[in-house]
Amino acid sequence: MSQEFTSRDKDYSKWYNDIVEKADLAEHSAVRGCMVIKPYGYSIWEKMQQALDKMFKDTGHVNAYFPLFIPKSFFSKEASHVEGFAKECAIVTHYRLKNDENGNGVIVDPDAKLEEELIIRPTSETIIWNTYKGWIQSYRDLPLLINQWANVVRWEMRTRLFLRTAEFLWQEGHTAHATAEEAIVETEKMLNVYADFVENWMALPVLKGVKTPNERFAGAIETYCIEALMQDGKALQAGTSHFLGQNFAKAFDVKFAAKDGKLDHVWATSWGVSTRLMGALIMAHSDDQGLVVPPKLAPLHVVIVPIYKTDEQLKQISDVAAGIKKNLEAKGLSVKYDDRDHLRPGFKFAEYEFKGVPVRIAIGGRDIENGTVEVARRDTKTKETVKQTELIAKVEQLMVDIQQNLYKQALDRRTAGTHKADTYDDFKRILDNKGGFIYAHWDGTAETEQKIKEETKATIRCIPLDNKQEEGNCIYSGKPSKQRVVFARAY
RNA sequence: CGGGAUGUAGCGUAGCCUGGUAUCGCGCCAGCAUGGGGUGCUGGAGGUCGUGGGUUCAAAUCCCGCCAUCCCGACCA
């Protein structure tokens, strides 16, 4: 396992892949475009799920589960929705295999063709709204606030572990409301939940905004998003929340009787985050020594490594370590004592560094004599000697400090990576130099947005929610503009 | 889905041009020493050469199909 990471400067893509692989997060599977999430990676995802799930419950949502398969006909009910997903659907056409008579192994039984093909969900709006039709009759049935944790499939041409895979894990919230205002409040509320999660748990600052019509979810009236900046200057959409208006209610004929007896279609939202957040987490904090995980999402908070020469010394150290482990665990921290005898301490140090464990405690013969331990933190890679009596409080404080420091570092990086451009030349120069978020005036037309995308590969990431109004001229067309929007090259 | 590259032990590779069943390193197993930043020595196990077909006395090597991965484009959470 003696291995070096490719540095970020040398090859950012390779650095990312190295971390995913060497930190044991995931690997490619035998199936094209699909990954195996390994236990260490999955335990980070589980932490994310737990935190998000609690936030959903705290805001009044409940979990349910809808089928993986969606009848093909459901898709054609909402025109723009079909159009958005048609090109990337996996389709089930048969339900049986049989042995080939010519001895070519198993083949699809041509007699077992489905009357109506089933689409493997790329998202669940259609099956859910078909179901909601039976659940909603009266304003008393509203709001309906449901979330599901599920896998979805989008047949991607080019995939990258966590960032874009053919199958991925996510949650999708689907809510129904009596009024447009209430649905918009819900859409914004869930956007704030996502922003809160990404900033406070993942320690990653995000921009909240709305998408341009071009970038909007297929079937939505308005798409809200959170956008984060990665270390290579590319943006990553970390979550979206959609105001769907009455589009799906109309498509699936979901009406409710108001107090006054009038029938109206209900108002909808949907919102989701996916295992893509793992990609964001990796690229947000990790360095050339490997993964860095914020304490709030770390599967393992502290590792204790003994340094010893004799069995007797090991026993003394193990006794001390057991006490420390017990006391740290009593504080809710997850702790591992690594007394594997065939590996040297230095090897273990490196191993836990590339897995991103926030704090390492080393205990040696000298420490036993002095009543101390050596404490090293992953984020700054600094070490200090701490008295055993002060250790528990010290480690608890470190968890807070590391979480904050990671956020601050990410925020500083984003600040340094955020620019303004007033001319198209400037705009292109910034993109080619360092990338990042670029605030620039835009004339509001899809044509300009498209041209800029074709010429520079930069897209409008969002129009920030609390955007400053400011007179200016579009960097591309020169036409008047009332505000700057955020451009970037994106994942 | 187009262009390019690659596929040999768990991983990384040599061999391929000029056919004769395979090289080296890491890892793994055993033992001894070592132990405050990726340990050393000794011995050992492990391979349908991605896959299917063809040429040949003989194929990792030559030819064709397929699959997968990586890079570059079009598409996208």
Side-chain angles (χ1 to χ4, degrees), chain A residues 1-5 11-14 16-18 21-22 27-35 83-89 104-105 122-123 152-172 194 211 214-218 223 225-228 235-242 270-280 289-290 305-311 313-314 317 339-354 360-370 372-376 381 383 385 453-454 457 459 461 490-491:
Chain A
M1 269 225 207
S2 66
Q3 55 200 347
E4 294 288 324
F5 281 90
D11 187 341
Y12 192 84
S13 293
K14 192 164 189 302
Y16 176 84
N17 288 334
D18 279 359
E21 180 194 328
K22 288 169 185 165
E27 64 186 38
H28 290 286
S29 71
V31 185
R32 181 194 181 88
C34 295
M35 64 177 165
E83 204 181 315
F85 287 104
K87 286 171 288 183
E88 50 186 33
C89 286
N104 293 324
T123 180
V152 287
V153 168
R154 296 181 189 173
W155 211 259
E156 298 291 348
M157 293 307 167
R158 243 181 110 177
T159 58
R160 294 196 64 189
L161 293 169
F162 290 116
L163 294 173
R164 177 163 293 108
T165 45
E167 180 192 14
F168 57 92
L169 306 184
W170 78 345
Q171 58 69 219
E172 45 181 327
Y194 289 154
K211 288 291 188 189
N214 262 346
E215 302 273 329
R216 214 173 261 159
F217 175 74
T223 288
C225 64
I226 49 173
E227 293 282 330
L236 185 127
Q237 179 175 303
T240 47
S241 183
H242 314 289
S270 70
W271 28 273
V273 294
S274 72
T275 34
R276 187 179 226 206
L277 288 178
M278 292 288 294
Q289 277 68 49
V305 177
I307 299 161
Y308 56 94
K309 291 198 169 72
T310 63
D311 283 350
Q313 209 172 29
L314 174 62
I317 293 168
D339 61 352
R340 287 178 296 175
D341 185 47
H342 61 293
L343 298 171
R344 288 172 53 122
F347 181 90
K348 295 178 187 174
F349 293 174
E351 181 180 6
Y352 292 107
E353 255 160 35
F354 66 66
R360 180 187 73 232
I361 296 173
I363 311 174
R366 288 205 301 270
D367 293 308
I368 296 297
E369 284 170 26
N370 302 334
T372 58
V373 299
E374 181 192 79
V375 175
K381 293 191 283 288
K383 297 189 279 198
T385 300
K453 183 180 175 182
E454 280 165 19
K457 290 180 198 152
T459 50
R461 300 320 302 156
Y491 278 97

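Note that this is a predicted model, so its numbers are computed, not measured. Chain A is the first sequence line, chain B the second, and so forth, proteins listed ahead of strands; every chain is numbered from 1.
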Go ahead and name the base partner of [N]; Watson-Crick or wobble counts if both distances stay under 3.5 Å, otherwise write none.
N     : result
B:C1  : B:G73
B:A60 : none
B:G37 : none
B:A45 : none
B:A9  : none
B:C66 : B:G50

Nearest whole Å is fine: how far is [N] [atom2] from [X] [atom1]?
X      : N     : atom1 : atom2 : answer
A:N370 : B:G36 : CG    : C1'   : 12 Å
A:R366 : B:G35 : CZ    : P     : 13 Å
A:E88  : B:A77 : CD    : C1'   : 9 Å
A:F354 : B:G37 : CZ    : P     : 18 Å
A:E454 : B:G73 : CD    : P     : 15 Å
A:H342 : B:A30 : NE2   : P     : 9 Å
A:K22  : B:G12 : NZ    : P     : 10 Å
A:R158 : B:A68 : CZ    : C1'   : 16 Å

Of the nucleotides [options], which has the atom closest to the [X] side chain?
X      : options             : answer
A:R276 : B:A77, B:G73, B:G36 : B:A77
A:A350 : B:C75, B:G37, B:G36 : B:G37
A:K457 : B:G36, B:G73, B:A77 : B:G73
A:H28  : B:G36, B:U69, B:G38 : B:U69

Using a cut-off of 4.0 Å on non-hydrogen atoms, how would the nucleic acid contact of [X] be classed: base, sugar-phosphate, or nothing?
X      : answer
A:R160 : nothing
A:T223 : nothing
A:K383 : base
A:L236 : nothing
A:S274 : base
A:G365 : base
A:Q237 : sugar-phosphate
A:G33  : sugar-phosphate

Looking at A:G272, is its backbone amide N or carbonyl O close enough to the side chain of A:Y194 to form a donor-acceptor pair, meaning the two atoms are under 3.5 Å apart?
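Between the backbone of A:G272 and the side chain of A:Y194 there is a qualifying donor-acceptor contact (under 3.5 Å).
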
Are any side-chain N or O atoms of A:E215 and backbone N or O atoms of A:K211, one a donor and one an acceptor, separated by less than 3.5 Å?
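Answer holds: no.
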
B:G35, OP1 or OP2 - any side-chain N/O from A:R344 closer than 4.0 Å?
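False: A:R344 side-chain N/O out of range (4.0 Å or more) of B:G35 OP1/OP2.
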
When you compare [N] with [M], how far apart are their [atom1] atoms, in angstrom units rounded to a whole number?
N     : M     : atom1 : value
B:A22 : B:C16 : C1'   : 12 Å
B:U42 : B:G38 : C1'   : 22 Å
B:G46 : B:C28 : C1'   : 9 Å
B:C11 : B:G19 : P     : 30 Å
B:G73 : B:U48 : C1'   : 38 Å
B:A9  : B:U51 : P     : 10 Å
B:G20 : B:C62 : C1'   : 15 Å
B:U69 : B:C32 : C1'   : 42 Å

Need to verify one output field. Residue with the more 5' nearest nucleotide on RNA chain B, A:L163 or A:D311?
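Mapping each residue to its closest nucleotide by heavy atoms, the 5'-most match is A:D311.
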
Both A:F168 and A:T159 contact RNA chain B. Taking the nearest nucleotide for each, which residue is further toward the 5' end?
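Result: A:T159.
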
Does a side-chain N-to-carboxylate-O contact under 4.0 Å join A:E353 and A:R360?
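A:R360 and A:E353: salt-bridged.
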
Does this structure show an ion pair linking A:K14 with A:E21, if we count only N-O contacts that are shorter than 4.0 Å?
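So A:K14 does not pair with A:E21 through a salt bridge.
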
Does A:R276 reach the side chain of A:W170, with side-chain heavy atoms less than 4.5 Å apart?
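No, every pair of side-chain atoms sits at 4.5 Å or beyond.
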
Nearest 0.5 Å please: distance from the NE2 atom of A:H28 over to the SG atom of A:C34.
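Rounded to the nearest 0.5 Å, the NE2-SG separation comes out at 11.5 Å.
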
Over 60° means perpendicular and under 30° means parallel, so tell me whether A:F217 and A:H242 are parallel, tilted or perpendicular.
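Parallel.
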
Given A:Q171 and A:V273, is the side-chain contact (heavy atoms from CB on, under 4.5 Å) satisfied, shown in steps?
CA-CA 6 Å; A:Q171 58 69 219; A:V273 294; 3.4 Å; yes

Considering only heavy atoms and no angle criterion, is a donor-acceptor pair shorter than 3.5 Å present between the side chain of A:E353 and the base of B:G37?
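Result: at least one qualifying N/O pair found.
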
